Amino acid sequence: MKRVLVTGGAGFIGSHLCERLLREGNDVICLDNYFTGSKKNIAHLLDDHFFELVRHDVTTPYFAEVDEIYNLACPASPIHYQYNPIKTIKTSVMGAINMLGLAKRVKARILQASTSEVYGDPEIHPQTEDYWGNVNPIGVRSCYDEGKRCAETLFMDYHNQNNVDIKIIRIFNTYGPNMNPDDGRVVSNFIVQALQNEDITIFGDGSQTRSFQYVDDLVEGMSRMMQTRHNFTGPINIGNPNEFTILELAQNVIELTNSKSKIINLPLPQDDPTQRQPDISLAKKELNNWEPKIQLREGLQKTIAYFDTLLKNQ
């Protein structure tokens, strides 16, 4: 049995990861300050004697004897990370420093949940891990983009200088149950609007593309990355390489919900990337042929069912 710390463990992705780690027989500490996470996401785990929930903000140090650390703590949707940009970058940078310090002290392996946002508005397509990105350092998204880029730097420096055992993954657009209905992400936005027969709002003309991965595929990739050989640090792309336009996503959601919603267009936000698609060749090579198993329509059906129940119980 391993003792595993998950920062941001009550969040969308963290809650699914905690479930998986418990199923595998681990002792799990879930750390969250509930800025975007919710106790509802992990309430069903509270009776498990091997699950411990701690209210804590990673911008301050935390001390525990652990074998592995998954560092997920950080608001990840534009609405939330732009609400308090200074807090966002502090969470990425100071959170990384505090968790790396813990990993160094207790000799734990630590995984950083980085993001495809480190590529900015990419000038190459699809994105490979050796691409340095095209990021605006002073834009409205910079607190998140540059915070995550700096966290990757810190992870590599702790590894090179102090031999900390690190893993870095770059997460591409992910969706599924436990998403916050008000987080402003495109999948949750479209589903909530469609279920309520409201207008579906597309920013721009809808021709911009995204690659959507279901949360179970991401958690599988994270688990495999944590178990890779000692000298493999990443970064590594974890995402679904199947590319869809935002308009195609909206049309799929309307069809699957039998919605009466109409599509309306609004101006494109600043620094919104026009294309985002992962090259997952490295993940296939290093993560035992990992690739997404759940494709868009199947994943959307599962997510729609979650939101349908959630909205009916509000």
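Throughout, residue positions are numbered sequentially from 1 according to the sequence presented. Since the model is a prediction, treat every value here as computed from it, not as a measurement.
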So CG of Leu154 and CD of Gln112: to nearest 0.5 Å the spacing works out to 9.0 Å
Gap between atom CG of Asn178 and atom OH of Tyr306 - 0.5 Å precision:
4.5 Å
Start with the C-alpha distance between Ile97 and Tyr158, add both sets of side-chain angles, then the distance that settles side chain to side chain contact (heavy atoms under 4.5 Å, CB included), and finish with yes or no.
CA-CA 9 Å; Ile97 290 170; Tyr158 266 79; 4.1 Å; yes
Could you tell me whether Arg170 and Glu152 make a salt bridge, using a distance below 4.0 angstrom between a side-chain N and a carboxylate O?
yes
Can you tell whether the side chains of Glu68 and Lys167 come within less than 4.0 Å, N to carboxylate O?
no
Mind checking whether Ile110 and Leu31 sit in one hydrophobic cluster, side chains of I, L, V, M, F, W, Y counted as touching below 4.5 Å?
yes
Joint hydrophobic cluster, Leu100 plus Ile69, side-chain heavy atoms closer than 4.5 Å
yes
Is there a donor-acceptor contact under 3.5 Å from the side chain of His159 to the main chain of Val164?
yes
Taking every non-hydrogen atom, the tightest pair across Met225 and Thr233
CE-O, 3.6 Å
Atom of Gly221, atom of Leu287 and distance for their closest heavy-atom approach:
O-CD1, 3.9 Å
Evaluate side chain to side chain contact (heavy atoms under 4.5 Å, CB included) for Ile202 paired with Phe190, printing each intermediate quantity in order.
CA-CA 9 Å; Ile202 288 182; Phe190 286 2; 3.8 Å; yes
Under 3.5 Å, is there a donor-acceptor pair between the side chain of Glu291 and the main chain of Lys284?
no
pair Pro241-Pro292: side-chain heavy atoms closer than 4.5 Å:
yes
Would you compute the distance between atom CG of Asp217 and atom CG of Asn240 and round it to the nearest 0.5 angstrom?
7.0 Å
Atom CG of Leu266 with >12 non-hydrogen neighbours under 6.0 angstrom
yes
Glu198 atom CD, neighbour heavy-atom count above 12 within 6.0 Å
yes
Is it possible for you to say whether Val28 and Val66 belong to one hydrophobic cluster, with membership spreading through side-chain heavy-atom contacts below 4.5 Å?
no
Please report the shortest heavy-atom distance between Thr174 and Arg185, naming the atom on each side.
O-NH1, 4.3 Å
Between Ser259 and Asn197: side-chain donor-acceptor atoms closer than 3.5 Å
yes
Looking at every heavy atom in both Gly176 and Thr303, which two are closest together, and how far apart are they?
CA-OG1, 3.4 Å
From Asn98, Thr7, Thr91, Asn33, residue fulfilling side-chain hydrogen bond (donor to acceptor under 3.5 Å, both in side chains) relative to Asp57:
Asn33
For the residue pair Ser38 and Phe12, establish whether any side-chain heavy-atom pair is separated by less than 4.5 Å.
no
Glu243 and its side-chain hydrogen bond (donor to acceptor under 3.5 Å, both in side chains) partner, picked from His125, Arg276, Arg210
His125
About how many Å separate CG of Asn180 and OG of Ser188, when rounded to the nearest 0.5 Å?
7.5 Å
Go through Glu220 and Arg20 one step at a time and tell me if the salt bridge (charged side-chain N to carboxylate O under 4.0 Å, His left out) criterion holds.
CA-CA 9 Å; Glu220 176 66 27; Arg20 162 127 185 188; 2.5 Å; yes
Might you work through the side chain to side chain contact (heavy atoms under 4.5 Å, CB included) test for Cys74 and Thr88, ending with a clear yes or no?
CA-CA 7 Å; Cys74 188; Thr88 295; 4.1 Å; yes
Side-chain donor/acceptor of Asn134 to backbone N/O of Asp121, under 3.5 Å:
yes
For Glu117, run the side-chain hydrogen bond (donor to acceptor under 3.5 Å, both in side chains) check against Arg141, Lys148, Arg149 and tell me which one passes.
Arg141
To check you understand the geometry: which heavy-atom pair defines the closest contact between Phe212 and Leu249, and what is its length?
CZ-CD2, 3.5 Å
I'd like to check Ile238 versus Trp290 (side-chain heavy atoms, cut-off strictly below 4.5 Å). Are they in contact?
yes
Would a 4.5 Å heavy-atom cut-off, applied to side chains only, mark Val253 and Gln193 as touching?
no
Side-chain heavy atoms of Thr209 within contact of Thr245, under 4.5 Å:
yes
N/O donor-acceptor pair under 3.5 Å between Thr228 side chain and Arg224 backbone
no
Does the side chain of Met156 come within less than 4.5 Å of Ile168's, by heavy atoms?
yes
Donor-acceptor pair, Asn237 side chain versus Phe172 backbone, under 3.5 Å?
no
Non-hydrogen side-chain atoms of Leu300 and Val187 separated by less than 4.5 Å
yes
Flag yes if Leu5 and Phe51 sit in one hydrophobic cluster, no otherwise; membership is Ile, Leu, Val, Met, Phe, Trp, Tyr, and two members link when side-chain heavy atoms are under 4.5 Å apart.
no
Between Lys293 and Glu298, is a salt bridge (charged side-chain N to carboxylate O under 4.0 Å, His left out) present by the stated rule, with each step listed?
CA-CA 10 Å; Lys293 303 295 184 191; Glu298 179 186 354; over 6 Å; no
Please report the closest heavy-atom contact between Asn41 and Ala10, naming both atoms and the distance.
ND2-O, 3.0 Å
Quick one: does Ser92's side chain get under 4.5 Å of Cys150's, heavy atoms only?
no
Are Val58 and Tyr83 linked, directly or through other ILVMFWY residues, by side chains that come within less than 4.5 angstrom of each other?
no
Rounded to the nearest 0.5 Å, what separation is found between the NE2 atom of His16 and the CD1 atom of Ile42?
12.5 Å
Any donor-acceptor N/O pair, Asp308 side chain to Ile304 backbone, under 3.5 Å:
no
Rounded to the nearest 0.5 Å, what separates atom OG1 in Thr153 from atom CD in Glu146?
9.5 Å
According to the interplanar angle, ranging from 0 to 90°, do the rings of Tyr131 and Tyr119 count as parallel (below 30°), tilted (30 to 60°) or perpendicular (above 60°)?
parallel
Could you check whether any side-chain N or O of Asn265 sits under 3.5 Å from a backbone N or O of Gly204, counting only pairs where one atom can act as donor and the other as acceptor?
yes
Phe35 atom CZ, over 12 foreign heavy atoms within 6.0 Å:
yes
Check the pair Tyr70 / Ile13 against side chain to side chain contact (heavy atoms under 4.5 Å, CB included), numbers first and verdict last.
CA-CA 11 Å; Tyr70 288 85; Ile13 294 169; over 6 Å; no
